[in-house]
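Structure first, commentary second.
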Amino acid sequence: MTILNMALEETRSDYGDYQLVAAPLQVTQERAFELVSTGADINIFWGMSSLRRETLARAVPFPLLRGLLGNRVLLINPEQEESFNRVHDIVALSRLVAIQGDNWPDTAILRHNGLQVLSSSDYDSLFAMLEYKRGDYFPRSIAEVWDELDSPLGEGFSVYPKLILQYSGPIYFFVSPRNKQLAERLQTGLERAWRSGRFNNLFYSRSELQKAFKFMKEPEVRVLRLSSPWKLPSLEQVRPEYWLPGSGF
């Protein structure tokens, strides 16, 4: 069962039946937020928050990854590992070039901290850019990188084992600003799943998160904390216990 299914099931008796249908659209994240803002083509989207995204759409202020999304590990070409052994601060990291997606919140955060970034709107091409050394590293969520490494796109890459970039990057469900009832349903369902323990049972059962926790506990891992160029209105609505200890919140 997915988190979305869980939230909707928890509220079936209050709000009624539901049907989930994947939107048959191939669009960028930014375009998806524009579509969900109108509610015409997409009713629910989930992604990392930013000030623009919270302006376009209504955030459901429950962090689906409990803050882990903003913990980024560096996907690199293995032969370049020595270059990263010398990185102990932001200044040293700024001499290297990051790869990120166009209009991703991460890109704005990296640049806000003085880091060099090359970007593309095409997800697959980001891995090609790393392969052909147009950039030095591709910051990926510590909760997502493991599946990418196991995919054809991740072939030949490795995760640099001693560094985490950490910044405020909550992932939420988003709905149209006009769909207050759906936002309330999702928030209610998530909170009920939290109180019953079902949310954390699902959360901790995910193999990719177990790999993330193991990585974070390695004694040689150093954390570079990055500042955010915005203050998210949603953060004031998130209960402190929803954040995972050590996630940066």
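Values below: every heavy atom of this structure, side chains too, minus hydrogens, waters and symmetry copies.
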Practice task
Check the angle between the aromatic planes of Phe203 and Phe213 and answer parallel, tilted or perpendicular using the 30° and 60° thresholds.
Solution key: tilted
Handout entry: Lys180, NZ: over 12 other non-hydrogen atoms inside 6.0 angstrom
Key = no
Practice task
State, with a plain yes or no, whether a side-chain heavy atom of Thr28 is found less than 4.5 Å away from one of Asp102.
Solution key: no
Exercise for the section: For the pair Phe157 and Phe127, name the ring-plane relationship: parallel under 30°, tilted 30 to 60°, perpendicular over 60°. Expected result: tilted
Exercise for the section: For the pair Arg198 and Glu9, find out whether any cationic side-chain nitrogen is under 4.0 Å from an anionic carboxylate oxygen. Expected result: no
Problem - From Ile3 atom CD1 to Leu65 atom CG, the distance as rounded to the nearest 0.5 Å - result: 6.5 Å
Practice task
Ignoring hydrogens and angles, state whether a donor on the side chain of Gln116 or Arg111 is under 3.5 Å from an acceptor on the partner side chain.
Solution key: no
Handout entry: Taking every non-hydrogen atom, the tightest pair across Ser94 and Gly114
Key = CB-O, 3.5 Å
Exercise for the section: Before accepting this row, confirm whether a basic side-chain N of the pair Arg52/Glu30 lies closer than 4.0 Å to the acidic partner's carboxylate O. Expected result: yes
Problem - Lys/Arg-Asp/Glu bridge criterion (N-O < 4.0 Å) met for Arg185, Asp14 - result: no
Handout entry: Minimum heavy-atom distance between Phe174 and Ala59, given as atom pair plus value
Key = CE2-CB, 3.5 Å
Practice task
Quick one: do Leu20 and Leu8 satisfy side-chain contact (heavy atoms from CB on, under 4.5 Å)? Show the steps, please.
Solution key: CA-CA 10 Å; Leu20 292 177; Leu8 294 171; 3.6 Å; yes
Completion exercise
Rounded to the nearest 0.5 Å, the CE atom of Met129 sits from the CZ atom of Arg134 at a distance of 4.5 Å
Problem - Check against side-chain contact (heavy atoms from CB on, under 4.5 Å), Glu10 and Glu191 - result: CA-CA 9 Å; Glu10 289 280 355; Glu191 289 177 350; over 6 Å; no
Problem - Atom CD of Glu79: over 12 foreign heavy atoms under 6.0 Å - result: yes
Exercise for the section: Please identify each residue that fulfils salt bridge (charged side-chain N to carboxylate O under 4.0 Å, His left out) with Glu148, with sequence neighbours left out. Expected result: Arg140
Exercise for the section: Following the transitive rule for hydrophobic clusters with a side-chain heavy-atom cut-off under 4.5 Å over Ile, Leu, Val, Met, Phe, Trp and Tyr, establish whether Tyr132 and Leu74 coincide in one cluster. Expected result: no
Practice task
Please check if any side-chain donor atom of Ser120 sits under 3.5 Å from a side-chain acceptor atom of Ser125, or the reverse.
Solution key: yes
Fill in the blank from the handout: Rounded to the nearest 0.5 angstrom, the CD-CG distance for Glu184 and Leu186 is 10.5 Å
Exercise for the section: For Ser50 and Pro105, indicate whether the former's side chain and the latter's backbone hold a donor-acceptor pair under 3.5 Å. Expected result: no
Exercise for the section: Locate the shortest heavy-atom distance separating Ala57 from Phe33; write the atom from each residue and the value. Expected result: CB-CD2, 4.4 Å
Exercise for the section: Answer yes or no: is there a side-chain heavy-atom contact under 4.5 Å between Pro61 and Leu235? Expected result: no
Problem - Residue pair Thr2 / Leu202: nearest heavy atoms and the distance that separates them - result: C-CD2, 4.1 Å
Practice task
Indicate yes or no for a side-chain donor-acceptor contact from Gln100 to the backbone of Val117 under 3.5 Å, with no hydrogens or angles considered.
Solution key: no
Exercise for the section: Check whether any side-chain heavy atom of Leu130 sits under 4.5 Å from a side-chain heavy atom of Asp136, and report yes or no. Expected result: no
Handout entry: Distance-only donor-acceptor check, side chains Asn77 and Glu131, under 3.5 Å
Key = no
Handout entry: Partners passing ring pair (Phe, Tyr, Trp, His ring centres under 6.0 Å) against Tyr172 (at least two apart in sequence or in another chain)
Key = none
Problem - Any donor-acceptor N/O pair, Arg72 side chain to Leu69 backbone, under 3.5 Å - result: yes
Problem - Passing option when Phe249 is tested against Pro170, Pro63, Pro240 for side chain to side chain contact (heavy atoms under 4.5 Å, CB included) - result: Pro170
Exercise for the section: Measure the shortest side-chain to side-chain distance between Arg31 and Ile42 over non-hydrogen atoms and say whether it is less than 4.5 angstrom. Expected result: no
Practice task
Indicate yes or no: at least one non-hydrogen side-chain atom of Asn5 is less than 4.5 angstrom from one of Tyr18.
Solution key: yes
Completion exercise
When rounded to the nearest 0.5 Å, the distance separating CG of Leu75 from CD1 of Ile99 is 9.0 Å
Exercise for the section: With the side chain counted from C-beta on, respond yes when Ile76 and Phe138 share a heavy-atom pair under 4.5 Å apart, and no when they do not. Expected result: no
Handout entry: Pairs meeting criterion ring-ring contact (aromatic ring centres under 6.0 Å, His included) with involvement of residues 76-122, two or more places apart
Key = Phe84-Tyr137, Phe84-Tyr160
Completion exercise
side chain to side chain contact (heavy atoms under 4.5 Å, CB included) filter on Gln181, not counting sequence neighbours, yields Tyr15, Asn179
Problem - Electrostatic pair Glu218:Lys162 at N-O distance under 4.0 angstrom - result: no
Completion exercise
Residues passing the side chain to side chain contact (heavy atoms under 4.5 Å, CB included) test with Glu155, sequence neighbours excluded, are none
Problem - Pair Ser49, Glu54: side-chain N/O donor-acceptor within cut-off below 3.5 Å - result: yes
Practice task
Classify the ring geometry between Trp194 and Phe62 as parallel (under 30°), tilted (30 to 60°) or perpendicular (over 60°).
Solution key: perpendicular
Exercise for the section: Determine whether more than 12 heavy atoms belonging to other residues, nucleotides or ligands lie under 6.0 Å from atom CH2 of Trp46. Expected result: no
Exercise for the section: May I ask you to decide whether Arg86 forms a salt bridge with Glu82, counting only side-chain N to carboxylate O separations under 4.0 Å? Expected result: yes
Completion exercise
Correct closest heavy-atom pair for Phe215 and Val221 would be O-CG2, 3.5 Å
Exercise for the section: Check the pair Gln29, Asn103 against side-chain contact (heavy atoms from CB on, under 4.5 Å), reporting the backbone distance first and the verdict last. Expected result: CA-CA 8 Å; Gln29 289 187 28; Asn103 298 314; over 6 Å; no
Handout entry: Stepwise side-chain contact (heavy atoms from CB on, under 4.5 Å) test for Met6 and Arg192
Key = CA-CA 10 Å; Met6 181 182 293; Arg192 286 180 182 173; over 6 Å; no
Practice task
Give the cluster check for Leu110 versus Val91: same hydrophobic cluster or not, with ILVMFWY residues linked at side-chain heavy-atom distances below 4.5 Å.
Solution key: no
Practice task
Identify the heavy atoms of Ile109 and Ser168 that sit nearest to each other, and give their distance.
Solution key: CD1-O, 3.9 Å
Completion exercise
So side chain to side chain donor-acceptor pair (under 3.5 Å) across residues 200-210, not counting sequence neighbours, yields Arg66-Asn200, Arg66-Tyr204, Arg206-Glu208
Practice task
Side-chain contact test, heavy atoms from C-beta onward, threshold under 4.5 Å: evaluate it for Phe199 versus Tyr242 and give yes or no.
Solution key: no
Exercise for the section: Examine the side chains of Asn113 and Tyr167 and answer whether a donor and an acceptor come within less than 3.5 Å of each other. Expected result: no
Completion exercise
The reported gap from CG in Asp147 to CG in Leu153 (rounded to nearest 0.5 angstrom) is 12.0 Å
Handout entry: Beyond-backbone contact of Ile142 with Ile164, side-chain heavy atoms, under 4.5 angstrom
Key = yes
Problem - Atom pair CG/CG of Leu35 and Leu25 - distance to nearest 0.5 Å - result: 6.5 Å
Handout entry: Whether over 12 other heavy atoms sit under 6.0 Å from Glu220 CD
Key = no
